[in-house]
Amino acid sequence: MSPDTSAEITSLRSAIDEQLLKNVGVSTKDATQTDLMKAVAQVARAQLSERWVDTQSKDRDTKARRVYYLSMEFLIGRTMSNALAALNLTEGAAKGVTEHAHTLEEITAREPDAALGNGGLGRLAACFLDSMATLGLPSFGYGIRYEYGMFAQDIVRGTQIEYPDPWLADGTPWEFPRADISFPVCFGGWVEHLGDKAVWRHNAEVVAKAYDMVIPGHATKKVSTLRLWKAVAPAHLDLHAFNTGDYGRAATVKNEFENISWVLYPNDSTPAGRELRLRQEYFFVAASVQDILQRHILEHGTLKNLSEKVAMHLNDTHPAIAVAELMRVLCDAHNMPWAEAWTLCKNTFSYTNHTLMPEALETWPVSLMQHVLPRHLEIIFRINAEFLEMAAKFRPGDNGFLSRLSLIDEGGERRVRMANLSIVGSHKVNGVSALHSDLLVQTIFSDFAALWPDRFTNMTNGVTPRRWLSQANPGLAALLDKTIGTKWRTKLDELKQIEAQLDNSAFREEFTSIKRANKARLAAYILETTGIKVSPDSLFDVQVKRIHEYKRQLLNVLHVITRYQDILADPSADWVPRVTIFAGKAASSYVSAKSIIRLIHDVGSVINNDPRVGDKLKLVFIPNYGVSVAEIIMPGADLSEQISTAGTEASGTGNMKLALNGALTIGTDDGANIEIRENVGDDNIFIFGLKTPEVLALKRGGYQPMRHYESNQSLKAVLDAISGGQFSPDEPGRYRGLVDSLLWGGDHYMLLADYESYVTTQIKVDELYRQPAEWAKRSMINVANMGAFSSDRTIAAYADEIWGIPVAP
Ligand SMILES: *Cc1c(COP(=O)(O)O)cnc(C)c1O
């Protein structure tokens, strides 16, 4: 980036000192790293604030069409480094803090991650905001300001322990509380019909208060806004209870309302948890819709042109209740005729699906919806009645068709199908990779696709190169700047130019030594967080993502044990030293995923302490995976494990971040792996295992996992070792259930069917790694061909094809 002038640097230095004195409240000589973090943040914040005001006034003046991205999760990580880079302040801030004998890295590490998400879906929303700002798209993200976000993960004797993550405990310099922006959100009660007018007599009300985070664009002064809602009880305390000495009750009433924005609640294993989750969804949607309509009326004076100026996007079905809410507000509060409101509604909403697994599609019991949102349930019933009447004309007499399309699942306890509501209420529905979008219309949404073929489209995910290359991998970024210039940050296709360097040995040596330094940094982090010493000369084999059976961390473990047994059988062979690295959280109610975490630790403690193995093999689990941890892991990886059962991973974005940082992928023919392969070429990726049609055929034909166990000696030895207690001598039966689920429980994700192909492919990986120049070349080819996976490309396509908002080329 263009270097800051020395005058700017001097003024930045004094600005930091001034903030220390006036805002943080310490003398410059006593400032701690945390004080400096706050002072630097204040300097950046002031500039962000100016950019925010400018962007808002320009968008208002041009009466721009805006996109509102509704998401339960925004996994934004830390803000400081990204903000400094966007504001061109990195160099100045670095010099400023050096004055105080600290490095900028130490200072930025003092900021806690905003853990407002649980995985890929939330991180996607964060990458999208970065791209919306960078493309200058008039845009807001809307979500919840969770006080504790996702739980923090600790590992105690090999098991996951969850504890609250109080990321806001010391406040954050990055949010702008908007004291004058708040809306009531109602719950419960009943509905009265007075003539043709419906009146919702709610019996509870909470206030949503707005907090903004300013998301800066890069190489532009445009910003985007992330507006997060905090739930506040209408009255602070039940004073009556308080005055009668019932302090517990006085506080309970407050908590009952405010718990809505306490935690991101992926654990819905209890009825109370499920109800809270529904309240959360409605809470942020209701506040956002009020905010959006208020802005629209202020700018346009009418709701008639709502869909010309407003695009609302549903990031998965979590905000789908917005469809019913917008209908409610338009019809009940603004007296708009139903048909007119419905047209506006459909033209306003669009929806991204993130999963093909039927069990992961969100549904709510009709009885719960009746209890929490009685008016919305009525509206959903009316939408459904009109929709099914139309559909019945399309295929007269086909009751199966109608019952599959229905917004209400009538089998067993009646439930509202949120995906169906989202499709019916949107003008566009997209999947997140080419394969996923194809499968959507062929499988779970085939009936809708028959009805409305043009409604379905594909938007392959992407990641922001600012965070995932420029910020996470400053070494590689500097080499790129020197070799191809700096434009790749906003035009990622420029990376293609480094293919001209493939046979340039000086470039290759630099590229290799940068990877080596990133591995040393990762090794230091592993030592610090796990106490395990690993050698950066080993192949770093990385699988980092939420722990889930479909992602098949267990298949990876089977390979590690295979390798362990092979090493013991032939210790003097020429083994490629390898470190297998895992990180990821298991949902707190997900018993099998937690068992896999424990197995990784148990196997690790046997292998890592076996003197016969030494550096030939190490197995580590890095705790508390999150954005900042990922920023250390991605640049240090040699091999990227993307090994989901074909047809289960919608896209993946971890696969993109890793390849962008030069890791070679070992993966199945699944999600965006397929498109990565098309871009980097077959020779530069390791694809193995069953393909989606083969998985489906095997399922239909009667899959017999036991056959693989009986016919493959190594597989048998590995499974016997696990179930026989070799890795859990203190409790030999600990993993019998896990192994039984493979052998006798049907092996739902077909680990055993893919095992042999996986192990054979891992041997090919070793062979290539023995030729460092060849490996480096393929790694460079991966980096060079990742241009298509910038979230800028994804957002430009959404803007053009779904939201109808022009973006400057
Ligand atoms: C990218 C990312 C993910 C998504 O990883 P996948 O491998 O695509 O599942 C999850 N969590 C964090 C912190 C990430 O940065």
Side-chain angles (χ1 to χ4, degrees), residues 71 73-78 82 112-131 149-153 165 167 264 266 315-316 352 354-357 360 431-433 435-436 460-469 471-473 541-553 555-556 581-587 593 622-637 639-645 648-661 663 665-668 670-676 786 789-791 794:
S71 180
E73 303 182 18
F74 289 91
L75 195 48
I76 58 178
R78 292 185 181 128
N82 180 56
D113 270 41
L116 304 178
N118 116 85
L121 174 149
R123 183 55 229 174
L124 184 75
C127 284
F128 279 5
L129 284 179
D130 182 277
S131 287
M150 181 70 177
F151 65 81
Q153 178 194 57
D165 181 357
W167 72 286
L264 170 59
N315 191 26
D316 211 323
T352 298
H354 287 271
T355 180
L356 287 159
M357 284 181 278
V432 288
S433 72
L435 173 73
H436 170 62
T460 299
N461 284 167
V463 298
T464 170
R466 275 75 63 181
R467 183 168 298 253
W468 296 112
L469 183 48
Q471 174 174 318
N473 198 339
D541 172 356
V542 165
Q543 188 172 20
V544 292
K545 48 184 76 243
R546 283 178 303 121
I547 310 295
H548 201 293
E549 286 162 287
Y550 87 81
K551 292 175 181 282
R552 300 202 295 191
Q553 281 92 354
L555 177 60
N556 190 340
I581 298 164
F582 287 96
K585 294 173 181 174
I622 300 175
N624 205 28
Y625 187 52
V627 174
S628 294
V629 177
E631 287 175 40
I632 298 170
I633 295 175
M634 303 299 175
L639 187 66
S640 160
E641 299 267 354
Q642 308 299 336
I643 60 177
S644 51
T645 316
T648 62
E649 185 72 90
S651 164
T653 49
N655 47 4
M656 301 169 188
K657 298 168 202 166
L658 282 156
L660 182 62
N661 283 279
T665 303
I666 180 167
T668 45
D670 200 17
N673 296 352
I674 296 173
E675 288 154 82
I676 293 176
M786 291 306 289
F789 300 97
S790 167
S791 46
T794 315

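We count ligands from 1, going down the list as the structure has it; atoms in each ligand are counted the same way.
Considering only non-hydrogen protein atoms, atom 15 (O) of ligand 1 sits nearest to K657 NZ, 2.6 Å. Scanning the protein heavy atoms around atom 8 (O) of ligand 1, the nearest turns out to be T653 N, 2.8 Å. For atom 12 (C) of ligand 1, the nearest non-hydrogen atom of the protein is Y625 CE2, 3.6 Å. The nearest heavy-atom contact from the protein to atom 5 (O) of ligand 1 is G654 N, 3.8 Å. Of the protein's heavy atoms, G626 C, 3.5 Å lies nearest to atom 13 (C) of ligand 1. From the protein, the heavy atom lying nearest to atom 4 (C) of ligand 1 is G120 CA, 3.5 Å.
A side-chain donor from one of Y550 and E649 sits under 3.5 Å from a side-chain acceptor of the other. If you check the side chains of N461 and T653, you find no donor sitting under 3.5 Å from an acceptor. For Q642 and N673, the side-chain atoms include no donor-acceptor pair closer than 3.5 Å.
Within ligand 1, the atoms closer than 4.0 Å to a non-hydrogen atom of K551 are 9 (O), numbered from 1 in the order shown. For ligand 1, the atoms sitting less than 4.0 Å from at least one non-hydrogen atom of G652 are 8 (O), numbered in the order shown with element in parentheses. Per-residue contacts place W468 under 4.0 angstrom from the following atoms of ligand 1 (heavy atoms of the residue considered): 15 (O).
Not one N or O of G119 is nearer than 3.5 Å to an N or O of ligand 1, by distance alone. Remark: ligand 1 and K545 share an N or O pair separated by less than 3.5 Å (distance only, no angle test).
By the side chain to side chain donor-acceptor pair (under 3.5 Å) test, T665 is found to be paired with no residue, residues two or more places apart in sequence or in another chain being considered. With sequence neighbours excluded, the residues that form a side chain to side chain contact (heavy atoms under 4.5 Å, CB included) with S131 are R466, S791, D792, I795.
Checking K657, R78, R467 one by one against E631, the side-chain hydrogen bond (donor to acceptor under 3.5 Å, both in side chains) holds for a single residue, R467.
Considering only heavy atoms from C-beta on, I633 comes within 4.5 Å of Y625 through its side chain. Side-chain contact check for M634 versus V544: some heavy-atom pair is nearer than 4.5 Å.
Proximity of R546 to ligand 1, defined as any heavy-atom pair under 4.0 Å, is not found for any part of the residue.
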